[in-house]
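Please read the structure below before turning to the comments.
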Amino acid sequence: MPKNTKVTQREHSNEPVTESVADLLSLEHPMDYKSSQMSMGLSPGSTAPVKALIPSPDPDAEDGRPAWNNKLEYILAQVGFSVGLGNVWRFPYLCQKNGGGAYLVPYFILLLLIGIPLFFLELAVGQRIRRGSIGVWNYVYPQLGGIGVSSLMVCGFVGLYYNVIIGWSIFYFFQSFQYPLPWAECPIRINGTQAIVEPECEKSSATTYFWYRQTLNITSSIDDTGGLNWKMVLSLLVAWILVCLAVIKGIQSSGKVMYFSSLFPYVVLFCFLVRGLMLKGAVDGIAHMFTPKLEKMLEPQVWREAATQVFFALGLGFGGVIAFSSYNKRDNNCHFDAALVSTINFVTSILATLVVFAVLGFKANVMNEKCVVDNAEKILGFLNTGVLSNALIPPHINFSHLSTVDYAEMYTVIKTVKEDSFGQLGLDACLLEDELNKSVQGTGLAFIAFTEAMTHFPASPFWSVMFFFMLINLGLGSMIGTMTGITTPILDAFKIRKEILCVGCCIIAFLLGLLFVQRSGNYFVTMFDDYSAGLPLTVVVILENISVAWIYGTKRFMQDLEDMLGFRPYSFYYYMWRYVSPAVLVVLIIATVVEMAISPAGYNAWVEAEGAERFHSYPPWALAMAYSLIVAAMLPLPLVFIVRHFNLISDGSNKLSVSYRKGMMKEISNLEEQDEQRFILNKNPSEAPSPMPAPRAYLGPGGAQEMINTNYGTSTKTGYQNIGSPESEL
């Protein structure tokens, strides 16, 4: 061979060699074809439909890829990525809204049907192929290589606004080091010689005012940008510095960070649970949450929201799961990992729900008692002015020690006697149930409801510091996974130092994130949260499922897992991947599209004059921006398919550059020179004698009947291999 060929370079150089997928496939194809045990009964000389998922027959070949220091680091990384802010402020809200304890039934069923199987699928392909999301799906089926690009774009969109939430938490964290807490009372405005309460705060509440006015300094509409909020700009900068420091060395740095960021939130949650159970009204809140409303289980909306929550709780489709698992050894038991991480995620959601409703139960009691006091003062005023007769007040009631039971009795008597004019009195029923039914989620829970409850805690600054430090760590764990989902495929595709890539990504993200730290930035956070991830990620995951189960082949994938794990996974996964999960995802996509079509597109704007939120529809430019997020995230899917299906790019430009070290490529370079020349020239691999024994046929999920598949397509002009039709199940 000429001395300047890539094969010769590999034999005489210690440097990594960067090659295109077309080059690699022309060299790897005979090795994959002849040595892979995933050919499953193909006769010698047959052509496999899609490349085997095993890049090298040696499961211990490390190809110079970084690896986790130990299994604990990896598990903590997956837990940190999957357990995020949604477990604390989304799951409890859905539980309360959709039937309390009854909501756990559809959630658990869907966790088994789509959650664990698809999580296991992502773990397995990442661990087997040892590449990021782009490399994995290019390797499985190049025409669906846009899956990885779409995952990367969604990660980018989500990372932009998710880190803004971490920035808000950082701001509240530093504001918590003072007593009393700055959101405990409304500010006083000096008007000449008079001191009056800030009108906007008086119309809302102290915590609401602090959030909207002193933190966000929000405008009244998305059209009014209001300029940059410099407090939030600084907080966002700190957030991106933290993320950059955590991921700058790849898994070597992020793995160490996960020891703290993944475990510390559990310490805080247990502390809050113990403290919350000691508060008055905590049991009322927990009982309200877990009281099942069984009729809710029959509503389709409950199942749709449960499926969506399962989907996002595990981080499916983001690429972070695949990226983390790609640094594992190939014989790691990813089946156990999938079950473990999914269980931890579910238990964490339950734990967070207990904490939230224990604290909200306490808050509801405090607010209910305040309601009783305020309305008792109204009744005393009516008694003094003669509007109400003293005969209406039961003799045993003492206004100086008025209980909620006494007030309820007095309220009922007055309402019965003054039925005609009762509405003019303006008295409230002050029912605890009404307070508990006030659903709050997201920022409304973390920055308004929970902060208000903590103002009534003894040593409130300590609990506030702990709470927001927990939110920072929860967000940081998810951001590390999101950033890994972005950087890993890029590092796989291009020869670039990870430090330079991480710093560059963080700088660009910070500059783009300035959109969210304008005074109107909260409205853009809502827009990105509603439109940038939901539908695109669902489409990404169903295409992942289809590419493995229907194009690569479920039987072949099960055989691959048996070779990798040393045992055959349960037949349950075979049927889930093949039939159930795709069907559920199709229904979820249809439900999501219908929901978007029938729900008005808009946002809740803060009206300063009213001290309340009002729903506003998006202006045309904002609506166009919202839908462009969906289009931008999904556009790589058809583009890559068209380009590769019709061979619109030449072999030389249709590349996914992958850096391999000499150690991995040495097996290919040890081929006979005649074979190497034959395969580089695109000769049919059947012309060369196979050095390996004929592969064994794969037994179907039951393992009782041999399944042989011979209905395969042939190679395309680009060197990729395509399947002619879905594999036969007969």
Side-chain angles (χ1 to χ4, degrees), residues 66-89 159 162-177 235-275 313-315 318 320-321 323-325 327-328 337 340-341 343-345 347-349 351-352 355 446 450 461-488 498-499 502-503 506:
W68 297 101
N69 291 327
N70 53 67
K71 182 66 173 283
L72 180 60
E73 276 190 11
Y74 166 67
I75 294 297
L76 290 178
Q78 291 286 15
V79 170
F81 177 51
S82 65
V83 176
L85 297 174
N87 295 75
V88 175
W89 67 30
Y162 201 88
N163 220 27
V164 174
I165 300 174
I166 299 178
W168 294 339
S169 301
I170 290 172
F171 176 77
Y172 268 77
F173 173 74
F174 285 107
Q175 290 291 318
S176 299
F177 288 95
S235 298
L236 181 63
L237 178 62
V238 173
W240 276 113
I241 290 174
L242 289 177
V243 171
C244 189
L245 292 176
V247 301
I248 194 167
K249 292 292 185 181
I251 63 171
Q252 302 305 319
S253 58
S254 62
K256 301 296 185 295
V257 173
M258 287 298 183
Y259 279 111
F260 185 80
S261 65
S262 296
L263 295 176
F264 179 74
Y266 290 96
V267 175
V268 177
L269 284 175
F270 276 111
C271 290
F272 263 98
L273 180 61
V274 173
R275 184 67 185 90
L314 294 174
F318 281 94
V321 173
F324 280 149
S325 65
Y327 299 113
N328 270 331
D337 298 342
L340 177 63
V341 175
T343 302
I344 291 175
N345 188 290
V347 172
T348 304
S349 297
L351 175 62
V355 171
F450 221 87
F462 168 78
W463 294 104
S464 183
V465 167
M466 293 282 283
F467 176 72
F468 288 109
F469 195 37
M470 178 190 72
L471 292 188
I472 293 170
N473 280 276
L474 285 172
L476 185 60
S478 297
M479 274 302 299
I480 289 174
T482 302
M483 287 295 293
T484 304
I486 296 172
T487 58
T488 296
K498 65 171 69 76
E499 294 86 352
C502 290
V503 172
C506 291

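Start at 1 with the first residue, then count along the sequence. Values below: every heavy atom of this structure, side chains too, minus hydrogens, waters and symmetry copies.
Rounding to the nearest 0.5 Å places CE of M483 at 10.0 Å from OG1 of T488. Within the model, atoms CG of L476 and CG of L471 stand 12.5 Å from one another, a figure rounded to the nearest 0.5 Å. Rounded to the nearest 0.5 angstrom, L474 CG and F468 CZ are separated by 12.5 Å. Here S235 contributes atom OG and I165 contributes atom CD1; the two are 13.5 Å apart, rounded to the nearest 0.5 Å. In this structure, Q78 CD and D337 CG are separated by 7.5 Å, a value rounded to the nearest 0.5 Å. Put simply, CG on L269 and CG on N87 are 9.5 Å apart, with the number rounded to the nearest 0.5 Å.
In this structure, the side chains of S464 and Q175 stay at 4.5 Å or more apart for every pair of heavy atoms. Counting heavy atoms from C-beta on, the side chains of F450 and V355 come closer than 4.5 Å. For the pair V79/N345, no side-chain contact is recorded, criterion being any heavy-atom separation below 4.5 Å from C-beta on. Taking the side chain as every heavy atom from C-beta outward, S478 and L85 never approach each other to under 4.5 Å.
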Could you pull out all donor-acceptor pairs under 3.5 Å where a side-chain atom in residues 240-247 meets a protein atom, sequence neighbours excluded?
none

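When every heavy atom of M470 is checked against every heavy atom of F264, the shortest pair comes out as N-CE2, 4.0 Å. The two residues M479 and I166 come nearest to each other via the heavy atoms CG-CD1, 3.5 Å. Nearest heavy-atom pair across S169 and I472 is CB-CG1, 3.8 Å.
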Working for side chain to side chain contact (heavy atoms under 4.5 Å, CB included), residues F462 and S176: CA-CA 8 Å; F462 168 78; S176 299; over 6 Å; no
- prompt: Could you walk me through whether Y162 and T482 pass the side chain to side chain contact (heavy atoms under 4.5 Å, CB included) check?
  reply: CA-CA 10 Å; Y162 201 88; T482 302; 6.0 Å; no
message: For a side chain to side chain contact (heavy atoms under 4.5 Å, CB included) check, start with the C-alpha distance between L263 and V267, then their side-chain angles and the critical distance, and finish with the verdict.
response: CA-CA 7 Å; L263 295 176; V267 175; 5.7 Å; no
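Ring pair F272/W463 is perpendicular by interplanar angle, where above 60° counts as perpendicular and below 30° as parallel. Aromatic ring orientation, F324 versus F81: perpendicular (interplanar angle above 60°, classes split at 30° and 60°). Using a 30° and 60° split on the angle between ring planes, F469 and F260 fall in the tilted class, from 30° to 60°. Taking the six-membered ring where tryptophan is involved, the planes of F177 and F173 are perpendicular, since the angle between them exceeds 60° and thus also 30°.
Counting only residues at least two apart or in different chains, side-chain hydrogen bond (donor to acceptor under 3.5 Å, both in side chains) contacts with residues 258-267 comprise N70-Y259, Y266-T348.
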